[in-house]
Enquirer: 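Sharing a structure, written as structure tokens. Questions coming.
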Amino acid sequence: MSTKPFASSADLDAKQVSVEVLADGVYARTAEGDPNVGAVEGEDFVVCIEAMATPAAAREWLDVLRTYTDKPVRYLVLSHYHAVRTLGASAFDAREIVAHDNTRLLIEERGQQDWDSEYGRMPRLFTDPGSIPGLTHPTSTFSDELRIDLGGERGELVLQYCGRGHTEGDIVAWLPRERILFAGDLVESEAALYTGDAFHTDWAGPTLDRIAAYGAGQLVGGRGAVAKGNDQVASAIALTRRFLTVLLAEVSAVRDRAGTLKDAFEAAHAALVGDFGGWPIFEHCLPFDVSRAWDELSGVERPVIWTAERDREIWDQLQG
Ligand SMILES: [Zn+2]
């Protein structure tokens, strides 16, 4: 049995919430490393970005957003399929729920298992779990790009797929006029990376290259503070890439010398803890990250589905 509390199951203290206005009609809600959400005002509607873990949690966010604008939510954009970002969707009463084609498929394929897994790992995020009516199914999906005309003089919100990364179906939301990028979990800002469903090699290479190429002036990552200015944006992207690169190198080296998964975990932990150990959810994520990196390097093309049972097995094996 593990000596450390499982994943984030013992993380029960409420986090400090910050809602920031990044530009006229552009909002970001961050909370000390909890999953971030955002909103962009159109001329007569709102686009919300990410849904939170439950409708009850989402309503707390919407109550704050309603102090800025009472426009109806026309679009709810989901950056990827993970439960803590999708299961609150019903609270938004959105006309369209927009995501990548692969996100739709992943929710059908493994949405229920992911719900059970994430609830076990991060129970604090699931405010009133009984308020979840079921899985969230996107109503509108795309493969490469979808542009939302915000109306009036507000320009466009551009949703784009940048390649495989944190999952098989991550999208980003880009405001070209304001140079603001909502990057989802493809970039973390001083919060640990979860890579249990990831494609590390693509993510650390071409996918992050595409993210960097936006030249964003402000970047809202999946977790952590908003990166502001070119230096902070570049740093958030570079640190995300470094985490992935070091993780892959350590796991690969252990595999090459015929070590075990546990050896790979110890090596990755030793190499990463100095720079990343103080970031939220580092200890929580690392066993799952190493497990998937190991699989990817072994030629397992698509991530194995995490279930509540598999979560515990890997945890006890690596953090025990
Ligand atoms: Zn995620």
Side-chain angles (χ1 to χ4, degrees), residues 7-8 11 28-31 33-38 48-54 57-58 76-89 97-100 102-107 109-126 135-136 138 159 161-173 181-200 202-204 207-208 211 219-224 236 240 243-244 247 279-282 284-293 296 302-307 311:
S8 292
D11 173 7
R29 177 196 185 278
T30 63
D34 275 359
N36 296 333
V37 298
C48 283
I49 300 169
E50 314 285 34
M52 306 196 66
T54 68
L76 173 62
V77 174
L78 305 176
S79 71
H80 63 287
Y81 77 96
H82 282 151
V84 296
R85 299 184 179 275
T86 59
L87 294 178
I97 299 175
V98 184
H100 190 264
N102 291 342
T103 292
R104 183 209 299 272
L105 297 172
L106 286 160
I107 288 170
E109 179 193 46
R110 58 183 72 195
Q112 184 62 52
Q113 293 94 325
D114 182 64
W115 177 351
D116 297 340
S117 162
E118 295 201 43
Y119 182 52
R121 294 180 188 186
M122 300 170 276
R124 177 175 53 76
L125 298 180
F126 286 76
L135 291 170
T136 298
L159 308 180
Y161 180 64
C162 296
R164 300 187 303 185
H166 171 72
T167 72
E168 244 170 306
D170 304 270
I171 56 172
V172 302
L181 186 69
F182 290 88
D185 275 327
L186 288 172
V187 179
E188 306 297 0
S189 181
E190 303 196 355
L193 273 67
Y194 175 69
T195 75
D197 298 308
F199 295 77
H200 296 76
D202 288 1
W203 188 0
T207 301
L208 280 179
I211 301 278
L219 184 150
V220 184
R223 293 170 176 263
T240 298
F243 184 100
L244 293 167
L247 174 65
W279 289 9
I281 69 171
F282 174 80
H284 158 170
C285 290
L286 199 61
F288 310 116
D289 295 356
V290 169
S291 174
R292 170 55 191 157
E296 183 178 324
R302 300 187 64 235
V304 179
I305 295 175
W306 291 104
T307 63
D311 286 2

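Ligands are counted one by one from 1 in listed order, and the atoms in each one are counted from 1 as well.
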Enquirer: I'd like to know: is the Zn ion (ligand 1) within the 2.8 Å range of an N/O/S atom from Asp185, strictly under that distance?
Expert: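 It does: Asp185 brings an N, O or S atom closer than 2.8 Å to the Zn ion (ligand 1).
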Enquirer: Would you mind telling me which of Thr167, Asp197, Thr86, Thr103 makes a side chain to side chain donor-acceptor pair (under 3.5 Å) with Tyr81?
Expert: Asp197
Enquirer: Which N/O/S atom belongs to His82 and is the closest one to the Zn ion (ligand 1)?
Expert: ND1
Enquirer: Could you label the plane-to-plane angle of the Phe288 and His284 rings as parallel, tilted or perpendicular, counting under 30° as parallel and over 60° as perpendicular?
Expert: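 Phe288 vs His284 ring planes: perpendicular.
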Enquirer: Quick test of your reading of the model: are Arg121 and Asp311 salt-bridged, counting only N-O distances below 4.0 Å?
Expert: yes
Enquirer: So which of Val84, Asp11, Thr54 actually passes side chain to side chain contact (heavy atoms under 4.5 Å, CB included) with Leu125?
Expert: Val84
Enquirer: State the atom name: nearest N, O or S atom of His166 to the Zn ion (ligand 1).
Expert: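 Sorting the N, O and S atoms of His166 by distance to the Zn ion (ligand 1) puts NE2 first.
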